[in-house]
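For reference, the structure is listed below as structure tokens.
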Protein chains: 2
Amino acid sequence: MNTETNLEHELDAAANWCLQRGEKLTDLRREVLSLLLAHDGSIKAYELLAELQKRKPTAAPPTVYRALDFLLNVGLAHKLGSLNAFVACRELDHTHHHGLMLICDRCRGVHELSDESWAERLAEDAARLGFRLSQQDIEIKGICANCQQVEQAGEA
Amino acid sequence: MNTETNLEHELDAAANWCLQRGEKLTDLRREVLSLLLAHDGSIKAYELLAELQKRKPTAAPPTVYRALDFLLNVGLAHKLGSLNAFVACRELDHTHHHGLMLICDRCRGVHELSDESWAERLAEDAARLGFRLSQQDIEIKGICANCQQVEQAGEA
DNA sequence: TTTCTATTGTTATATTATAACAAAACATTT
DNA sequence: AAATGTTTTGTTATAATATAACAATAGAAA
Ligand SMILES: [Zn+2]
Ligand SMILES: [Zn+2]
Ligand SMILES: [Zn+2]
Ligand SMILES: [Zn+2]
């Protein structure tokens with residue numbers, strides 16, 4: 001199965017995901033999600049806009065922000081507040097409330113950890129302060145394995 | 001001990017904290033930190049600028065952003081990426097690497113949890129993926145105890 | 001068809017943050 | 001003190017991120 005086929009497969013799955021929630025993955029939204037998925041790490045809204053404009057010259061900021069809002073709300077993408085960047089969700093299977101997003105300082109890559117035990121422990125600790133968690137991703141920053149290797153190679 | 005005296009006390013402690021690190025808490029930086037401390041929840045850069053301009057009409061965006069950068073670097077303040085907002089650190093005693101910042105969706109208030117065990121467990125889980133954490137605050141969103149009460153009162 | 005709603009197009013503007021360079025303050029050496 | 005170098009602050013302009021507001025279009029329901 002090549003990349004393109006796989007991408008279409010993911011997009012179809014996403015469309016289905018939307019339908020199950022009574023929402024529609026329109027052509028535009030599908031296009032934006034496609035660009036997000038095609039991107040390895042996270043991507044910024046205006047980078048996404050530039051990409052989108054290659055195929056759709058009429059696109060303007062609201063075009064991409066509206067599509068992103070939709071994708072965020074339906075759970076097909078995540079916003080990384082600390083980077084002002086966006087990333088496709090690749091773990092639709094798990095309902096990953098409170099997923100841990102490990103964000104690389106160097107390459108802006110994201111590793112998503114859907115570990116339920118974190119959600120529970122966090123919720124417990126917060127509850128002790130009377131704090132009720134909203135569904136929310138947790139962003140943790142550092143340097144990914146790959147970038148660490150590059151770093152070491154550079155030092156050699 | 002009244003509020004004002006207490007604030008001056010905190011500012012003096014902050015000045016000392018800086019000196020120990022070979023940095024200086026200048027008048028301007030002290031003023032900005034003072035405004036941060038006087039604020040209960042988190043505050044946005046341009047709100048801070050407006051406050052600052054009451055006493056220092058010459059202040060411009062770089063004035064406040066430079067002061068904030070300094071405070072962030074020396075550990076006297078935190079940036080909340082998900083809100084584009086800033087908050088004074090009130091736990092200088094602990095070296096709270098990876099402090100948990102519980103951010104209220106409603107009031108923008110912040111409860112800072114300096115729990116070392118979280119730092120360790122997070123680091124372990126991340127290390128399993130080859131991910132090395134950088135010193136970083138972890139932002140968790142929800143609704144604080146106070147705002148929950150207000151909410152219930154409204155429903156009654 | 002008619003009507004209503006959701007989506008997209010379009011223009012303008014708000015919000016957040018930094019670049020670049022000049023001036024002033026401060027410290028160090030002579 | 002004078003001269004020099006460094007850090008901090010002032011100032012203007014602009015970059016980067018995001019939304020408001022309203023018109024046009026497309027889709028669904030009546
Ligand atoms: Zn996800
Ligand atoms: Zn990386
Ligand atoms: Zn702190
Ligand atoms: Zn609150």
Side-chain angles (χ1 to χ4, degrees), chain A residues 14-15 18-19 21-36 39 41-74 76-87 103 108 139, chain B residues 14-15 18-19 21-36 39 41-74 76-87 103 108 139:
Chain A
C18 291
L19 283 178
R21 280 154 190 75
E23 302 284 353
K24 280 166 295 187
L25 189 68
T26 62
D27 285 350
L28 182 57
R29 292 161 177 172
R30 188 183 175 102
E31 184 95 36
V32 170
L33 177 58
S34 167
L35 291 171
L36 274 180
H39 229 85
S42 54
I43 185 171
K44 314 208 98 195
Y46 276 73
E47 291 171 350
L48 204 47
L49 175 57
E51 292 287 321
L52 185 59
Q53 284 174 332
K54 290 180 186 170
R55 313 187 103 238
K56 209 169 190 310
T58 69
T63 314
V64 69
Y65 278 105
R66 286 196 283 226
L68 285 171
D69 279 348
F70 174 84
L71 296 172
L72 295 178
N73 283 326
V74 79
L76 287 169
H78 300 282
K79 172 165 186 174
L80 307 175
S82 59
L83 292 182
N84 293 326
F86 302 85
V87 65
I103 307 171
R108 231 166 53 187
E139 301 179 20
Chain B
C18 291
L19 284 178
R21 281 155 189 74
E23 302 284 353
K24 279 166 294 185
L25 189 68
T26 62
D27 284 352
L28 181 58
R29 292 162 178 172
R30 188 182 174 102
E31 185 96 34
V32 170
L33 178 56
S34 168
L35 291 171
L36 274 181
H39 228 85
S42 54
I43 185 170
K44 313 208 100 194
Y46 276 72
E47 292 171 350
L48 203 47
L49 175 58
E51 291 287 322
L52 186 58
Q53 284 173 333
K54 291 179 187 170
R55 314 187 101 239
K56 209 168 191 309
T58 69
T63 313
V64 70
Y65 278 105
R66 285 196 283 226
L68 285 170
D69 279 347
F70 173 84
L71 296 172
L72 294 177
N73 282 324
V74 79
L76 287 168
H78 300 282
K79 172 164 187 175
L80 308 175
S82 59
L83 292 182
N84 292 327
F86 302 85
V87 65
I103 306 172
R108 230 167 53 187
E139 300 178 21

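Worth saying up front: this structure is predicted, and the values here are computed from it rather than measured.
- To the nearest 0.5 Å, the span separating OG on S82(B) from CD1 on I103(B) amounts to 4.0 Å.
- L25(A) has its CG atom 11 Å from the P atom of dT7(C), to the nearest Å.
- With sequence neighbours excluded, no residue satisfies side chain to side chain donor-acceptor pair (under 3.5 Å) with S34(B).
- Phosphate contact (OP1/OP2 of dA18(D), side-chain N/O of K79(A), threshold under 4.0 Å): present.
- Separating the CD atom of E47(A) from the P atom of dA18(D) is a distance of 12 Å, rounded to the nearest angstrom.
- If you take CG of L68(B) and C1' of dT16(C), they are 12 Å apart, rounded to a whole angstrom.
- Between N84(A) and dA18(D) there is a side-chain polar atom (N or O) within less than 4.0 angstrom of OP1 or OP2.
- A 4.5 Å side-chain heavy-atom check between L25(A) and L19(A) finds every atom pair outside the cut-off.
- Atoms OH (Y65(B)) and C1' (dA20(C)) sit 18 Å apart, rounded to a whole Å.
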Name each donor-acceptor pair under 3.5 Å that joins a side chain in residues 56-68 of chain B to protein atoms two or more places apart or in another chain, with its distance.
| unit_1 | atom_1 | unit_2 | atom_2 | d |
| --- | --- | --- | --- | --- |
| T63(B) | OG1 | A60(B) | N | 2.9 |
| T63(B) | OG1 | A60(B) | O | 3.1 |

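- One atom, CG of D69(A), and another, P of dT8(C), lie 12 Å apart when rounded to the nearest Å.
- Residues D27(B) and E31(B) are not in side-chain contact: their nearest non-hydrogen atoms beyond the backbone lie 4.5 Å or more apart.
- Between the CZ atom of R30(A) and the P atom of dT7(C) there is a distance of 17 Å, given to the nearest Å.
- At the phosphate of dT16(C), OP1 or OP2 sits under 4.0 Å from a side-chain N or O atom of K44(B).
- For E23(A), the salt bridge (Lys or Arg N to Asp or Glu O under 4.0 Å) criterion is met by no residue, not counting sequence neighbours.
- Residue ring and nucleobase are stacked for Y46(B) and dT16(C), with a centre distance beneath 5.5 angstrom and an angle between planes beneath 30°.
- Taking atom CG on L72(A) and atom P on dT19(D), their separation rounds to 10 Å, with Å as the unit.
- For I43(B), the side chain to side chain contact (heavy atoms under 4.5 Å, CB included) partners at least two apart in sequence or on another chain are L36(B), H39(B), E47(B), L48(B).
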Within the 4.0 Å limit for protein heavy atoms, which parts of nucleotides 5-11 of chain D are touched? Write it as a string from 5' to 3', B for base, S for sugar-phosphate only, - for none. ---SBBB
